[in-house]
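For the numbers below, each heavy atom of this structure counts, side chains included, while hydrogens, waters and symmetry mates do not. Fair warning: this is a prediction, and the values are worked out from it, not measured in the lab. Residue numbers start from 1 in every chain, and the chains themselves are labelled A, B, ... in the order their sequence lines are given, proteins ahead of strands.
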Amino acid sequence: GSIHRLEVDNFKSYKGHQVIGPFLNFTAIIGPNGAGKSNLMDAISFVLGVRSSHLRGSQLRDLVYAYDDKEREVRRKAHVKLVYLQGDGTELSFTRGITLQSASEYRIDDKVVSWDEYNNKMRSLGILVKARNFLVFQGDVESVSTKSPKELTALFEHIS
Amino acid sequence: GSIHRLEVDNFKSYKGHQVIGPFLNFTAIIGPNGAGKSNLMDAISFVLGVRSSHLRGSQLRDLVYAYDDKEREVRRKAHVKLVYLQGDGTELSFTRGITLQSASEYRIDDKVVSWDEYNNKMRSLGILVKARNFLVFQGDVESVSTKSPKELTALFEHIS
Amino acid sequence: RYARFMAAFTHISTEIDSIYKQLTRDPDHPIGGTAYLSLENDEEPFLHGIKYTAMPPTKRFRNMEELSGGEKTVAALALLFAIHSFRPSPFFVLDEVDAALDNVNVARVAAYIHAKSRENAGQRNAGHSFQSVVISLKDTFFDKADGLIGVYRDHDQGCSRVLTKRLTTHD
Amino acid sequence: RYARFMAAFTHISTEIDSIYKQLTRDPDHPIGGTAYLSLENDEEPFLHGIKYTAMPPTKRFRNMEELSGGEKTVAALALLFAIHSFRPSPFFVLDEVDAALDNVNVARVAAYIHAKSRENAGQRNAGHSFQSVVISLKDTFFDKADGLIGVYRDHDQGCSRVLTKRLTTHD
Ligand SMILES: Nc1ncnc2c1ncn2[C@@H]1O[C@H](COP(=O)(O)OP(=O)(O)OP(=O)(O)O)[C@@H](O)[C@H]1O
Ligand SMILES: Nc1ncnc2c1ncn2[C@@H]1O[C@H](COP(=O)(O)OP(=O)(O)OP(=O)(O)O)[C@@H](O)[C@H]1O
Ligand SMILES: [Mg+2]
Ligand SMILES: [Mg+2]
C-alpha cells in the first residue's frame with residue numbers, strides 16, 4: 001500500500017481545509033524557506049500518532065493554525081486525514097484530530113476508535129510508529145550514524 | 001589585519017608539510033565530501049588555541065596525521081602555522097605544535113612562548129578565542145539563534 | 001526474544017554492506033566502501049550495544065565520529081535502508097537529508113531512492129521497495145521524482161498552500 | 001562590569017534589526033523582517049538572560065523555536081554579524097552555514113558577506129568589514145568569492161591536498 005493523499009484542516013501553517021496530493025511512488029516536496037514543507041512532514045507524523053513534542057510544538061494547541069500570537073488563544077479544531085491506498089485498490093483513511101478541549105481523537109474510516117485500535121491497524125500495515133525508522137526529521141539524519149550502541153540496540157528491539 | 005596563509009604539518013588529513021593560501025578578502029574552501037575542508041577550519045581553530053574536543057578529536061593525538069588506525073600508534077609531530085598580515089604590511093606568525101609527548105607548544109614568530117602570552121597577543125588583534133563568535137563549525141549555525149537566554153548572556157559577558 | 005533479536009541483527013548486518021556499497025561506489029572505486037555491525041556481547045545482545053562501522057572507499061579509520069558531515073549522512077542512510085529491508089514500512093519520509101551532501105552523493109542517493117520507489121506490490125511487502133516522500137531544496141534531487149508538491153506562502157492569508165505537478169518519469 | 005555589559009547590549013541591539021532587514025528584504029517585502037534583543041531583568045542583566053527574537057517578513061510569531069530551518073539560519077547569521085560589529089574580529093570562518101538555505105537566501109547571505117569583505121583597514125577596525133573564509137558546496141555561494149581553495153583527496157597517499165585559484169572579482 002501507499003499514501004494516496006492528505007486532507008489537512010487548520011494544521012500548523014495550513015489554514016482551513018486543504019487537500020494535498022496525490023502522492024506518487026516518489027514524491028518531492030519543494031518550496032522556499034519557511035513556506036511550510038516540514039509542516040507537511042509534521043502532518044504525516046501527527047496523523048500516525050507521533051507525539052507533538054517531536055513536531056516542534058510543546059503542546060497540541062501549538063499545532064493548530066493561528067494567524068499570529070494573539071490568535072493562538074482562539075479555540076479552533078484541527079485535524080489531519082491520511083488516505084491510504086491498499087494493495088487491492090481500496091482506500092482506508094486514518095484521521096487524528098485536536099478537539100476544542102485540546103485532546104486527541106482518532107478515527108479509522110471516519111469512525112472514532114481508541115489509540116490502541118488505531119495503532120494496531122497501522123502495525124498490521126507495517127507502520128511502526130514507535131520505531132519511527134521510516135521518518136527522518138530535518139537536521140536529524142547525521143545523528144543516525146553516530147547513535148550510541150545502546151540506542152541502536154533499543155531500535156533493533158522495537159523492530160524485532 | 002587578515003590571515004595571509006596557513007602552513008600545516010601532519011595535521012589531521014594533511015600529510016607532510018603543505019602551504020595553504022593565500023587567503024584573500026573573501027576566500028571559499030570547496031571540494032567533495034570527505035576531502036578535508038572542515039579539517040582546514042580545524043587547523044585554523046587549533047592554531048588559535050581552541051581545545052581539541054571541539055575539533056572532533058578526543059585528544060591531541062587524534063589531530064596528528066595517520067594513514068590508518070595502526071599508524072595512530074606511530075609517534076609523529078604536527079604543527080599549524082598561521083601567517084597573519086598586519087595593517088602595516090608586516091607578517092606575524094602564530095604556530096601551535098603537538099610535540100612527541102602529545103603536548104601543545106606555542107610560538108610567535110618562531111619563538112616559543114607561554115599560552116598566556118600567545119593568547120594576549122591574539123586578543124590585542126581582536127581575536128577572542130574564548131568567545132569564538134567568529135568561528136561557526138559545521139552543523140552549528142542554526143543553534144546560534146535558539147541559544148537559551150542564559151547562554152546569550154554568557155556570550156555577551158565574554159565580548160564585553 | 002533472543003531469537004527475534006538475532007533474526008533482525010543477522011538480516012540487517014548482511015544487508016548493510018551491500019547497500020553501503022551501492023551508495024558509495026563510483027568509476028574510481030567500483031567496489032565502494034565497507035559497512036558492518038558488531039555485537040558488544042554475543043550471549044545477551046539486547047542487554048548490550050550494537051556497534052555500527054562504515055568506511056568510505058580509501059578510508060581506513062573505524063571511528064565513525066571522525067567521518068565528515070557528508071560521509072556520516074551516507075552511512076546513516078545506508079543503515080536506515082538496511083533496517084527497512086528487515087521490517088519494511090510502506091513509505092519513507094525524508095526531510096532535507098541531502099543538506100550535507102555534495103553533488104555526486106546527491107545524485108547517488110537520489111538514484112537509489114528512485115530505483116527503490118518503483119511500484120511493485122510484491123516488492124513492497126518483501127522490503128525491496130517503498131514509497132518515498134522527500135523534502136529537498138536541490139533540483140539535482142527532486143528532478144528524479146515522479147511528482148512534485150510545491151509549497152508556497154499565501155502572504156495575504158498568512159498561511160501555506162500547495163500546487164502539485166506530475167513529472168514525466170525518466171527511467 | 002554593568003557598564004561594559006550594557007555598552008555591548010545597547011550597541012548590538014541597535015545593529016541587529018538593520019542587519020536582519022538587510023538579510024531578509026526582497027522586492028515583495030522592501031523593508032524586511034524584524035529582530036530585537038530584550039533583557040529578562042534590567043537591574044542586573046548579567047545575572048539573567050537575554051532573549052533574542054527574529055520575525056521574518058509576513059510572520060507574526062515571537063517564538064524562535066517555531067521558525068523553519070532556513071529561517072533559523074538567517075536569524076543566527078544576523079546575530080553573529082551584529083555581535084561582530086561590537087567586538088570586531090579580523091576574520092570569520094563559516095563551515096557550510098548555507099546547508100539549510102534556499103537559493104534566494106544563499107544569494108542574499110553571499111551578497112552580504114561579499115559586501116562586508118571589501119578591503120579597507122579603517123573599516124576593519126571599526127567593525128564594518130571582516131575577512132571571510134567560507135566552506136560551501138553551493139556554487140551560488142562560492143562564485144561570489146575573491147579566491148577558491150579547492151581541497152581534494154590524494155588517494156595514493158591517503159591524504160588531503162589543495163589547489164588555489166583567484167576569481168576575477170565582480171563588484
Ligand atoms: N500553528 C501555526 N500556525 C500558523 N503558522 C505556523 C504554525 N506553526 C508553525 N507555523 C509557521 O510555519 C513556519 C515554518 O514552516 P516549515 O518549518 O514547514 O518551513 P519549511 O518549508 O520546512 O522551511 P525550511 O526550508 O527553511 O526548512 C514558521 O515560520 C511558522 O511561522
Ligand atoms: N588524524 C587524521 N589523519 C588522517 N585523516 C584524518 C585524520 N582525522 C580525520 N581524518 C580524515 O578526514 C576526513 C574528514 O574530513 P573533513 O571532515 O574535513 O571533510 P569535509 O571536506 O569537511 O567533508 P564534508 O563536505 O562531508 O563536510 C575523514 O574521512 C577522516 O578520514
Ligand atoms: Mg523545513
Ligand atoms: Mg565538512
Side-chain angles (χ1 to χ4, degrees), chain B residues 1-3 12-16 18 20-41 44-45 65 67-68 84 87 125-128 131 133-153 155-160, chain D residues 4-5 7-9 40 45-46 48-52 54 64-65 69 72-73 75-77 79-80 83-84 86-97 100 113-114 117-119 121 131-136 141-142 144-153 157-162 164:
Chain B
S2 61
I3 302 173
K12 290 195 111 180
S13 56
Y14 291 85
K15 185 178 175 181
Q18 303 195 36
I20 294 156
F23 286 82
L24 305 176
N25 289 332
F26 180 3
T27 300
I29 299 173
I30 64 174
N33 287 146
K37 300 183 297 295
S38 296
N39 289 344
L40 264 191
M41 176 171 185
I44 294 173
S45 308
Y65 173 79
Y67 181 74
D68 55 25
Y84 188 77
L125 299 172
I127 302 171
L128 303 179
N133 54 309
F134 56 95
L135 298 173
V136 183
F137 293 96
Q138 190 166 357
D140 286 356
V141 66
E142 271 183 47
S143 61
V144 167
S145 67
T146 50
K147 269 190 197 294
S148 75
K150 282 252 175 300
E151 286 172 325
L152 265 188
T153 303
L155 180 58
F156 275 59
E157 285 262 58
H158 277 316
I159 60 163
S160 60
Chain D
R4 278 207 322 268
F5 186 90
F9 178 78
E40 288 188 340
F46 36 81
H48 298 270
I50 298 173
K51 199 167 150 32
Y52 177 39
M64 296 284 277
E65 284 298 338
K72 278 184 187 159
T73 293
L77 292 172
L79 180 62
L80 286 168
I83 290 173
H84 174 272
F86 172 73
R87 177 61 87 209
S89 69
F91 55 84
F92 256 98
V93 186
L94 305 172
D95 193 349
E96 297 195 27
V97 294
I113 289 176
H114 177 73
S117 315
R118 294 304 93 217
E119 177 59 53
Q131 178 186 31
S132 305
V133 178
V134 164
I135 298 173
S136 174
F141 201 135
F142 60 73
K144 306 269 184 309
D146 302 326
L148 298 177
I149 292 179
V151 182
Y152 66 95
R153 179 144 178 100
Q157 295 284 327
C159 72
S160 297
R161 297 225 182 272
V162 296
T164 41

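Nearest heavy atom pair, residue Leu80(D) against residue Asn133(B), reads CD2-O, 3.4 Å. Across every non-hydrogen atom of Lys150(B) and His48(D), the tightest pair is NZ-CA, 4.1 Å. Nearest approach of Gln131(D) to Ile3(B), heavy atoms of both residues: OE1-N, 2.6 Å. Heavy atoms only, all atoms of each residue included: Phe86(D) and Ser160(B) are closest at CE2-CA, 4.3 Å. Scanning both residues, Ser136(D) and Ile30(B), for their nearest heavy atoms gives O-CG2, 3.8 Å.
Counting heavy atoms from C-beta outward, Phe91(D) and Ile127(B) have side chains that approach closer than 4.5 Å. Between Tyr14(B) and Val151(D), the closest side-chain pair of non-hydrogen atoms falls below 4.5 Å. Side-chain contact check for Arg118(D) versus Asn25(B): some heavy-atom pair is nearer than 4.5 Å. The shortest distance between side-chain heavy atoms of Ile135(D) and Met41(B) falls below 4.5 Å. A heavy-atom distance below 4.5 Å is not found between the side chains of Leu40(B) and Val133(D).
Heavy atoms closer than 4.5 Å to chain B are found in both the backbone and the side chain of Leu148(D). Heavy atoms of Ala7(D) lying under 4.5 Å from chain B are absent altogether. Within the 4.5 angstrom heavy-atom criterion, only side-chain atoms of Asn33(B), from C-beta onward, approach chain D. Only the side chain of Ile44(B) has a heavy atom closer than 4.5 Å to any heavy atom of chain D. With a 4.5 Å cut-off on non-hydrogen atoms, Glu96(D) touches chain B through its side chain but not through its backbone. Of the two parts of Glu157(B), the backbone and the side chain both hold a non-hydrogen atom closer than 4.5 Å to a non-hydrogen atom of chain D.
Remark: Arg153(D) engages no residue in a salt bridge (Lys or Arg N to Asp or Glu O under 4.0 Å) (not counting sequence neighbours). For Glu40(D), there are no salt bridge (Lys or Arg N to Asp or Glu O under 4.0 Å) partners at least two apart in sequence or on another chain.
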(request) Give the intermediate values and the outcome of side-chain contact (heavy atoms from CB on, under 4.5 Å) for residues Phe23(B) and Ile149(D). (result) CA-CA 9 Å; Phe23(B) 286 82; Ile149(D) 292 179; 3.7 Å; yes

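Note on Gly34(B), Gly21(B), Ser148(B): by heavy-atom pairs under 4.5 Å with chain D, the leading option is Gly21(B). If you tally non-hydrogen atom pairs under 4.5 Å between each of Pro32(B), Gly31(B), Gly126(B), Ser45(B) and chain D, the highest count goes to Gly126(B). With chain D as the partner, the residue from Ile20(B), Leu155(B), Ile29(B) showing the most heavy-atom pairs under 4.5 Å is Ile29(B). Annotation: maximal heavy-atom pairing with chain D below 4.5 Å, among Thr27(B), Val144(B), Thr146(B), Leu152(B), occurs at Thr27(B). Note on Ser160(D), Ala76(D), Cys159(D): by heavy-atom pairs under 4.5 Å with chain B, the leading option is Ser160(D).
Relative orientation of the Phe5(D) and Phe156(B) rings is tilted, given thresholds of 30° and 60° on the angle between their planes. Classified by interplanar angle (parallel below 30°, tilted 30° to 60°, perpendicular above 60°), the ring pair His114(D)/Phe26(B) is tilted.
Among Val97(D), Asp95(D), Leu77(D), the one residue that satisfies the side chain to side chain contact (heavy atoms under 4.5 Å, CB included) test with Val136(B) is Val97(D).
Between atom NZ of residue Lys147(B) and atom CD1 of residue Ile50(D) there is a gap of 11.5 Å, rounded to the nearest 0.5 Å. With rounding to the nearest 0.5 Å, the separation of OG in Ser145(B) from CE in Met64(D) is 4.5 Å. Atom OG1 of residue Thr164(D) and atom CG of residue Leu24(B) lie 9.0 Å apart, to the nearest 0.5 angstrom.
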